[in-house]
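Every value quoted in this text rests on a predicted model; they were computed, and no experiment measured them. So you know, we letter chains A, B, ... as the sequences are listed, proteins then strands, and number each from 1.
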There are 4 protein chains.
Amino acid sequence: MQEAYVAQSLKEKHRQEREMLILEKAEEVFLEKGYYDTSMEEIAARVGIAKGTIYLHFARKDDLVVAIIQRDLEIFLNTIDAQIALVPTAREKLEVFIRAIYSGLFSKHTYLLSNMYNAIDIKRMIEEKQGCLRGLWEGLSSRVTYLLDEGKEWGEFDKQISTITMLRAFFALFTPRSYIHIYKQENPEEIVTSLIHIYFRGIAAPSPC
Amino acid sequence: MQEAYVAQSLKEKHRQEREMLILEKAEEVFLEKGYYDTSMEEIAARVGIAKGTIYLHFARKDDLVVAIIQRDLEIFLNTIDAQIALVPTAREKLEVFIRAIYSGLFSKHTYLLSNMYNAIDIKRMIEEKQGCLRGLWEGLSSRVTYLLDEGKEWGEFDKQISTITMLRAFFALFTPRSYIHIYKQENPEEIVTSLIHIYFRGIAAPSPC
Amino acid sequence: MQEAYVAQSLKEKHRQEREMLILEKAEEVFLEKGYYDTSMEEIAARVGIAKGTIYLHFARKDDLVVAIIQRDLEIFLNTIDAQIALVPTAREKLEVFIRAIYSGLFSKHTYLLSNMYNAIDIKRMIEEKQGCLRGLWEGLSSRVTYLLDEGKEWGEFDKQISTITMLRAFFALFTPRSYIHIYKQENPEEIVTSLIHIYFRGIAAPSPC
Amino acid sequence: MQEAYVAQSLKEKHRQEREMLILEKAEEVFLEKGYYDTSMEEIAARVGIAKGTIYLHFARKDDLVVAIIQRDLEIFLNTIDAQIALVPTAREKLEVFIRAIYSGLFSKHTYLLSNMYNAIDIKRMIEEKQGCLRGLWEGLSSRVTYLLDEGKEWGEFDKQISTITMLRAFFALFTPRSYIHIYKQENPEEIVTSLIHIYFRGIAAPSPC
DNA sequence: CATGAATGAGTTTTCATTCAT
DNA sequence: CATGAATGAAAACTCATTCAT
């Protein structure tokens, strides 16, 4: 029994590892070539498995995309929460948030995320399957919304500006998009800092004078 | 001879009209269905010509996209210049600029523009052919850059923030993207006004006090 | 105008010829290999055209089958009517009918017809599309029904046996099926004659004595 | 040793039971979905075993079909012999035979049998493997042949008609086929009776007058 | 010039069969 | 023995592009 249980667990672990590997490589190719120019064949080749094997994990090509986005969002949310806890003010928390979007591991993930989500073709596709993603998207915006409200409360942000507008400006400014390639040529750190600066000035509470 | 010239000219005119019609309809379908789900067949059908005829004007499907973007940018630039001339300050000019992006005839064009340009698949495609677009893009950003610099000069904008950063924030905030669908459900006018508000506060020159 | 009309007509004629050729060859391959083991590729190869060209005429593989059956039935019905007109009695007419099923051109067609119609897989497929075939099937059975009734009237067939039963026995006996391969090894003519003999004795009006 | 033998025997028994179960379920699915639309996966699922296990019993998918037909024929022959023994005349025996084909347990089996055997795709498959079936088919026809000859001897059937012809008519009339669905809507019993009536009149010895 | 029939490479997806565990 | 993950061949179908008419 114990043995069987372990075996099961091992198999399941192997299965999940493989699944992650597929997502990993699929994301890679999607990033390089885009959704339509990526063939299941190529993904399989990159993973080093047969085409059919992918279908054991993901029934359709679009399921792959959804799964990738889902995973990226989950990873992002999990990490961001830990990081946010380490700084005190709403403003600082949002700053951490923004830098997380751009930096480290996430720049790749968020890049795909937003690029694919922005692609009109993909968008339609995702909208159909959005059931499973909606929750995660909301997890994202609710966090930002909460922080913006908190900032207002504490007098950091302007109460005159509606939170929803701030939220929109937030995502508009801090979703890496097509212009990202410009970034690569310069110091991204610096650029992000500048954008953060502008954003917080834009929503700052009016100075007392 | 003269006659022949006129005939030639007429033909040429007809040719250009048809070309415009193709672009018109192609843009329409691309907007509705996305690049990959749009077939040359359907474009031809909407124009009311044969598939092959499109190829007399545009050698490949992607050339169509490039031509559309090119045309949209040209139209946009021409119109924007006229509109900008009507208001005095840099800030007002930029505001006109921004509203032009979102409103009226252009909302459709810029929507396509940015959506397609954001689509990772399309982006690669365009990058290859960007030669012909680079000029127009620069026309766009040079205008904004100029206005930003002018605003700095006149003490409207903060000289501490580099113009390039302001430019980036400008395009980040004012490129309609996937979240546009949210817009449709509310008052877009209002949203744009809010974003403008935030932006100009973000880059405003520090108050004297 | 006249010219254009002729051109149109020529093209249409060419189109129909090609369509017939496809049906011809498709039927051939279906007969040889069966529905599932026949690839569009092979049909195309036999016709000497590209795979895609078939799809210009028939949107799906099953449409091909339906079209074949349709054509075969039409040809059969047209020919049978002419032949039936030449003999006087109901019994003779039915005999002509039966021989037509087995002989000459039709043996091939009816063979496919019944074989495919009998195949459980194909049957399901056809049932879905049967709209277009039902009329033809009824054309077939109504003719036989009519002749059987006429034969009863004239005292050739037994009025005690319901026409529907006679009809059923008719199609049971005279639909070439799997055992046809036995036929090939002997004299089919003779066998058909024997079956006809049995059938008509089976449904004959009781002798007066 | 003895023990080992018993164990072996038990295992063997278990093995055979499982084999029968596979055949049972496979027949079920084949009947429902047809050969090509039935996957090994589904058969396995219905049996409650793994896909691979089927292959321990049957090397290929088509072997399954052959085995099913084989089993059905064997069952049929065994049962029919017992039933035939209970009635005296050749005609009555044949009638029992015919009703057995249509009724009770066998309707299902013979339905599959004939449907699959009629399916042109399947036919080819079976022809290749017919070695193992030929014997059983002959068991079937030899019984009918024997009864037909006996009937002739006893003056029940017409000696003018060759036995082989009678045999053919027999199988033609009494093999349930595609039109079986008509049967379901009416009283099958009655229809069979009518067909039997026609058949025996068709091959009856001429009345003395 | 305009047409649209023809092409055929390329894609997703399925599933019988194998074989390491 | 039993399993079921992995394989990869095969097939239907699409559509940008070409080119004879």
Side-chain angles (χ1 to χ4, degrees), chain A residues 4 7-8 10-12 14-15 18-19 36-45 47-64, chain B residues 11 14-15 18 36-45 47-64, chain C residues 4 7-8 10-12 14-15 18-19 36-45 47-64, chain D residues 11 14-15 18 36-45 47-64:
Chain A
Q8 170 98 28
L10 265 176
K11 240 180 197 169
E12 180 55 25
H14 181 245
R15 193 195 138 75
R18 159 115 351 152
E19 201 154 302
Y36 284 96
D37 288 341
T38 296
S39 69
M40 297 301 270
E41 186 73 59
E42 169 141 21
I43 296 173
V47 183
I49 57 177
K51 220 181 334 171
T53 308
I54 298 181
Y55 285 91
L56 296 178
H57 297 266
F58 306 96
R60 323 226 140 259
K61 196 184 177 187
D62 25 5
D63 288 347
L64 254 181
Chain B
K11 245 183 192 169
H14 181 244
R15 195 193 134 78
R18 164 163 302 180
Y36 283 94
D37 288 343
T38 295
S39 68
M40 297 301 271
E41 187 71 55
E42 170 144 19
I43 296 173
V47 181
I49 57 177
K51 226 183 329 175
T53 308
I54 297 181
Y55 285 88
L56 298 176
H57 297 267
F58 306 96
R60 330 226 129 256
K61 194 184 177 186
D62 20 359
D63 287 348
L64 257 179
Chain C
Q8 170 98 29
L10 265 177
K11 239 180 198 169
E12 180 55 26
H14 180 245
R15 196 195 135 76
R18 158 109 0 147
E19 201 154 303
Y36 283 96
D37 288 341
T38 296
S39 70
M40 297 302 269
E41 186 75 58
E42 169 141 22
I43 296 173
V47 182
I49 57 178
K51 218 185 334 173
T53 308
I54 298 181
Y55 286 91
L56 296 178
H57 297 267
F58 306 95
R60 321 228 141 257
K61 196 185 178 187
D62 23 2
D63 287 348
L64 253 181
Chain D
K11 245 182 193 170
H14 181 244
R15 195 193 133 78
R18 165 162 301 181
Y36 283 93
D37 287 343
T38 295
S39 69
M40 297 301 271
E41 187 71 55
E42 170 145 18
I43 295 173
V47 181
I49 57 178
K51 227 184 330 176
T53 309
I54 297 181
Y55 285 88
L56 299 176
H57 297 267
F58 306 96
R60 331 225 130 258
K61 195 184 177 188
D62 19 1
D63 288 348
L64 258 179

Discussion item. Closer than 3.5 angstrom, by distance alone: can the side chain of D/Lys61 be matched with the main-chain N or O of D/Thr38 as a donor-acceptor pair?
Written reply: yes
So [Y] and [X], do their side chains get closer than 4.5 Å, heavy atoms only?
| X | Y | value |
| --- | --- | --- |
| C/Thr53 | C/Arg18 | yes |
| C/Tyr55 | C/Asp63 | no |
| C/Phe58 | C/Ile43 | no |
| B/Met40 | B/Leu64 | yes |

[X] [atom1] to [N] [atom2]: how many Å, rounded?
| X | N | atom1 | atom2 | value |
| --- | --- | --- | --- | --- |
| A/Asp62 | E/dT11 | CG | P | 16 Å |
| B/Arg15 | E/dA2 | CZ | P | 8 Å |
| C/Tyr55 | F/dC15 | OH | P | 13 Å |
| C/Lys11 | F/dC19 | NZ | C1' | 12 Å |
| C/Ile54 | F/dA12 | CD1 | P | 9 Å |
| C/Ile49 | F/dT18 | CD1 | P | 21 Å |
| C/Glu41 | E/dT7 | CD | C1' | 12 Å |

Discussion item. Suppose we call a contact any N or O donor and acceptor under 3.5 Å apart; does that hold for the side chain of D/Lys51 and the base of E/dT17?
Written reply: yes
Worksheet item: Looking only at N and O atoms, is any donor in the side chain of A/Lys61 or the base of E/dT13 less than 3.5 Å from an acceptor on the other one?
Response: no
Worksheet entry | Most 5' of C/Leu56 and B/Leu56 on DNA chain E, judged by nearest nucleotide | B/Leu56
Practice prompt. To the nearest 0.5 Å, tell me how far C/Ile49 CD1 sits from C/His57 NE2.
Written response: 6.5 Å
Worksheet item: So how far is it from D/Glu42 CD to D/Lys51 NZ, rounded to the nearest 0.5 Å?
Response: 12.5 Å
Discussion item. Any side-chain N or O of A/Thr53 below 4.0 angstrom from OP1/OP2 of F/dT7?
Written reply: yes
Worksheet entry | Any A/Arg60 side-chain N or O less than 4.0 Å from OP1/OP2 of E/dT12 | no
Worksheet item: Given Watson-Crick or G-U pairs with both distances under 3.5 Å, what dot-bracket string fits DNA chain E, with | for other-strand pairs and [ ] for crossing?
Response: .||||||||||||||||||||
Item to complete: Would you indicate what A/His57 reaches in the nucleic acid, counting non-hydrogen atoms under 4.0 angstrom: base, sugar-phosphate, or nothing?
Response: sugar-phosphate
Item to complete: Looking at every strand, decide which applies to B/Ser39 at a 4.0 Å heavy-atom threshold: base, sugar-phosphate, or nothing.
Response: sugar-phosphate
Worksheet item: Which residue lies toward the 5' end of DNA chain F, D/Arg18 or B/Met40, if each is placed at its nearest nucleotide?
Response: D/Arg18
Worksheet, complete the sentence: Ranking E/dA6, F/dG4, E/dT7 by distance to the side chain of D/Ala50, first place goes to F/dG4
